[in-house]
Number of protein chains: 2
Amino acid sequence: MAHPQEDTLIAKQITPTAMRLLVLEVLQQQSAALSLADVEQLLGHADRITVHRTLKTFTDKGLVHRIEDGSGAVKFALCEPGCTPEHHQDLHVHFFCTQCRETSCLPAVAIPAIPLPSAFQVQETSLVLKGVCARCTSIA
Amino acid sequence: MAHPQEDTLIAKQITPTAMRLLVLEVLQQQSAALSLADVEQLLGHADRITVHRTLKTFTDKGLVHRIEDGSGAVKFALCEPGCTPEHHQDLHVHFFCTQCRETSCLPAVAIPAIPLPSAFQVQETSLVLKGVCARCTSIA
DNA sequence: GGGGCGATGCAATGGTATTGCATTGTTTCA
DNA sequence: TGAAACAATGCAATACCATTGCATCGCCCC
Ligand SMILES: [Mn+2]
Ligand SMILES: [Mn+2]
Ligand SMILES: [Zn+2]
Ligand SMILES: [Zn+2]
């Protein structure tokens, strides 16, 4: 197989297509999380709706996770290896840089346990930090 | 004065107007955070844009804080007493119920310190939990 | 080769946030 | 008191982002 990404898709029960391989490749090449518009632009002239449905498929299958960073557009980033659609393991912090507007996963920074009244049933936790990222700080 | 809310606005350097008093009253009466559409609906037939600008003014002056809960619309809730536009004290957790779609401030649950590499300059922290709230849990 | 089914692409729609601009209301000061 | 100055309001228009409908395309299996 020419595309090493094929195995990744198949492992997640996603039928490999040309478009999906391209989107996956783009996601793997970038260190920051990407919005739909980002992916569209990086791909050249791909159809936005197809990219949208590709990202939705990836999310449903546990290949990527969504990040709501407050920028107005949802960002997407590859999941960590152990993720399944049912049990996402991406309990890490996300950082949104107000200067370069890039959002990064910080897999090394785990989300601490939050002591909640037991009447609450927590399904998902999202911890987004906003500020100036390491790169922008060093430049300034 | 007939409106006890007037003092609250003046204390935050906000010129009291009829619309602003009404919006503040609505925010005080509700226990959950409100979206722009929520406020508009609760007010009857107020102009949406005016409400929008009222909430923006309130936010800029440190009277309310914005909550991005991933529902698609930003929610607004009253700040804690010590808040200023520069230094928001609302370092508490927010809970979004996927069942009733209500977002609540949990002032009692503080956000723990997040150990970040020193190269990052954190300006703001947002911790949103999603799940089923206490009320919806007890009903089910 | 043809049927079946998922993927694709264009068009259209829905929802939220924001801006422009004319009007209205209020304060300030001569 | 009356006009200028300024702020707030309301309607219209616009900008995005996300989502859905539907016809077509492409691939796999028979
Ligand atoms: Mn992540
Ligand atoms: Mn809050
Ligand atoms: Zn940056
Ligand atoms: Zn609920």
Side-chain angles (χ1 to χ4, degrees), chain A residues 1-3 5-6 8-10 12-26 33-61 63-77 96 101 103, chain B residues 1 3 5-6 9-10 12-26 33-61 63-77 96 101-103 128:
Chain A
M1 331 230 171
H3 286 280
Q5 283 85 7
E6 279 202 353
T8 305
L9 292 181
I10 292 170
K12 294 286 184 177
Q13 320 272 349
I14 301 168
T15 308
T17 67
M19 170 67 54
R20 288 169 176 174
L21 292 170
L22 286 173
V23 172
L24 176 57
E25 205 174 337
V26 164
L34 299 179
S35 71
L36 171 58
D38 291 335
V39 176
E40 189 192 12
Q41 194 170 358
L42 285 166
L43 281 183
H45 297 86
D47 181 64
R48 169 179 292 240
I49 283 79
T50 304
V51 177
H52 169 262
R53 281 193 271 233
T54 299
L55 290 171
K56 177 163 184 1
T57 301
F58 284 6
T59 305
D60 292 343
K61 296 293 188 178
L63 178 58
V64 304
H65 59 285
R66 296 162 44 94
I67 308 164
E68 287 149 5
D69 61 6
S71 68
V74 176
K75 304 278 177 72
F76 297 86
F96 174 69
R101 297 190 67 78
T103 296
Chain B
M1 293 297 176
H3 287 280
Q5 283 84 7
E6 278 202 351
L9 292 181
I10 293 171
K12 293 287 184 176
Q13 320 272 351
I14 301 168
T15 308
T17 67
M19 169 69 52
R20 289 169 177 174
L21 291 170
L22 286 173
V23 172
L24 175 56
E25 205 174 338
V26 164
L34 299 179
S35 70
L36 170 57
D38 292 335
V39 175
E40 188 191 12
Q41 195 170 357
L42 286 167
L43 280 184
H45 296 85
D47 181 63
R48 170 179 292 242
I49 282 78
T50 304
V51 177
H52 169 261
R53 280 192 272 231
T54 299
L55 290 170
K56 178 161 184 0
T57 300
F58 284 6
T59 305
D60 292 343
K61 296 293 188 177
L63 179 57
V64 304
H65 58 284
R66 296 162 45 95
I67 308 164
E68 288 148 5
D69 60 7
S71 69
V74 176
K75 303 279 178 68
F76 297 86
F96 174 69
R101 298 189 68 78
E102 280 196 359
T103 296
V128 178

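For the numbers below, each heavy atom of this structure counts, side chains included, while hydrogens, waters and symmetry mates do not. We name chains A, B, ... by the order of the sequence lines, and we start the count at 1 in each one.
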Problem set entry | Value in whole Å for how far the P atom of dT16(C) lies from NZ of K75(B) | 11 Å

Exercise. Which letter, B, S or -, goes with each nucleotide of nucleotides 19-30 of chain D from 5' to 3', with contact meaning a protein heavy atom under 4.0 Å?
Worked result: BBB---------

List every contact pair, protein side and nucleotides 24-29 of chain C side both N or O, where the distance is under 3.5 Å.
none

Seminar exercise, completed: With five pairs defining each end axis, the helix from dG1(C)-dC30(D) to dA30(C)-dT1(D) comes out bent, to 10°, by 10°

For this session: Check L55(A) against V64(A) and note the closest heavy-atom contact, atom names and distance.
Result: O-CG2, 4.1 Å

For this session: Please collect all salt bridge (charged side-chain N to carboxylate O under 4.0 Å, His left out) contacts where either partner lies in residues 17-26 of chain B, sequence neighbours excluded, each pair once.
Result: none

For this session: Not counting sequence neighbours, which residues clear side chain to side chain donor-acceptor pair (under 3.5 Å) with S35(B)? List them please.
Result: D38(B)

Problem set entry | CD on E6(A) to CD1 on I14(A), rounded to 0.5 Å | 12.5 Å

Exercise. Closest approach of I67(B) and A77(B), non-hydrogen atoms and distance?
Worked result: CD1-CB, 4.0 Å

Problem set entry | R101(B) CZ - dG15(C) P separation (whole Å) | 13 Å

For this session: Could I get the full list of salt bridge (charged side-chain N to carboxylate O under 4.0 Å, His left out) partners for R48(A), not counting sequence neighbours?
Result: E40(A)

Problem set entry | side-chain contact (heavy atoms from CB on, under 4.5 Å) partners of A46(A), counting only residues at least two apart | M19(A), L43(A), V51(A)

For this session: Write down the distance between CG (D60(B)) and P (dA7(D)), rounded to a whole number of angstrom.
Result: 15 Å

Exercise. Whole Å only: how far is the CG atom of D47(B) from the P atom of dT23(C)?
Worked result: 16 Å

Problem set entry | E68(A): partners by salt bridge (charged side-chain N to carboxylate O under 4.0 Å, His left out), with sequence neighbours left out | R66(A), K130(B)

For this session: Between dA18(D), dT8(C), dG10(D), spot the one nearest the side chain of T50(B), thanks.
Result: dG10(D)

Exercise. How close or far is atom P of dT8(C) from atom CG of L21(A), stated in whole angstroms?
Worked result: 10 Å

For this session: Go through the structure and list residues passing side chain to side chain donor-acceptor pair (under 3.5 Å) with T50(A), not counting sequence neighbours.
Result: D47(A)

Problem set entry | R101(B): side-chain contact (heavy atoms from CB on, under 4.5 Å) partners, not counting sequence neighbours | S71(B), F96(B)

Seminar exercise, completed: Between CZ of F76(A) and C1' of dC17(D) the distance, given in whole Å, is 11 Å

Exercise. Looking only at heavy atoms, which two atoms of L24(A) and F58(A) are closest? And how far apart?
Worked result: N-CE2, 4.1 Å

Exercise. In chain order, what residues pass the side chain to side chain donor-acceptor pair (under 3.5 Å) check against T103(A), with sequence neighbours excluded?
Worked result: D69(A), K75(A)

Exercise. What's the CG-P distance between L22(B) and dA8(D), to the nearest Å?
Worked result: 16 Å

For this session: Please list, by residue number, the residues of residues 12-19 of chain B whose heavy atoms come closer than 4.0 Å to an atom of DNA chain D; answer none if no residue qualifies.
Result: T15(B), T17(B), M19(B)

Exercise. For the pair made of CG in L43(A) and P in dT8(C), what is the distance, rounded to whole Å?
Worked result: 12 Å

Exercise. Where do L63(A) and L9(A) land on the side-chain contact (heavy atoms from CB on, under 4.5 Å) test, with the steps shown first?
Worked result: CA-CA 8 Å; L63(A) 178 58; L9(A) 292 181; 3.7 Å; yes

Exercise. To the nearest 0.5 Å, how far apart are CG in L22(B) and CG in L42(B)?
Worked result: 11.5 Å

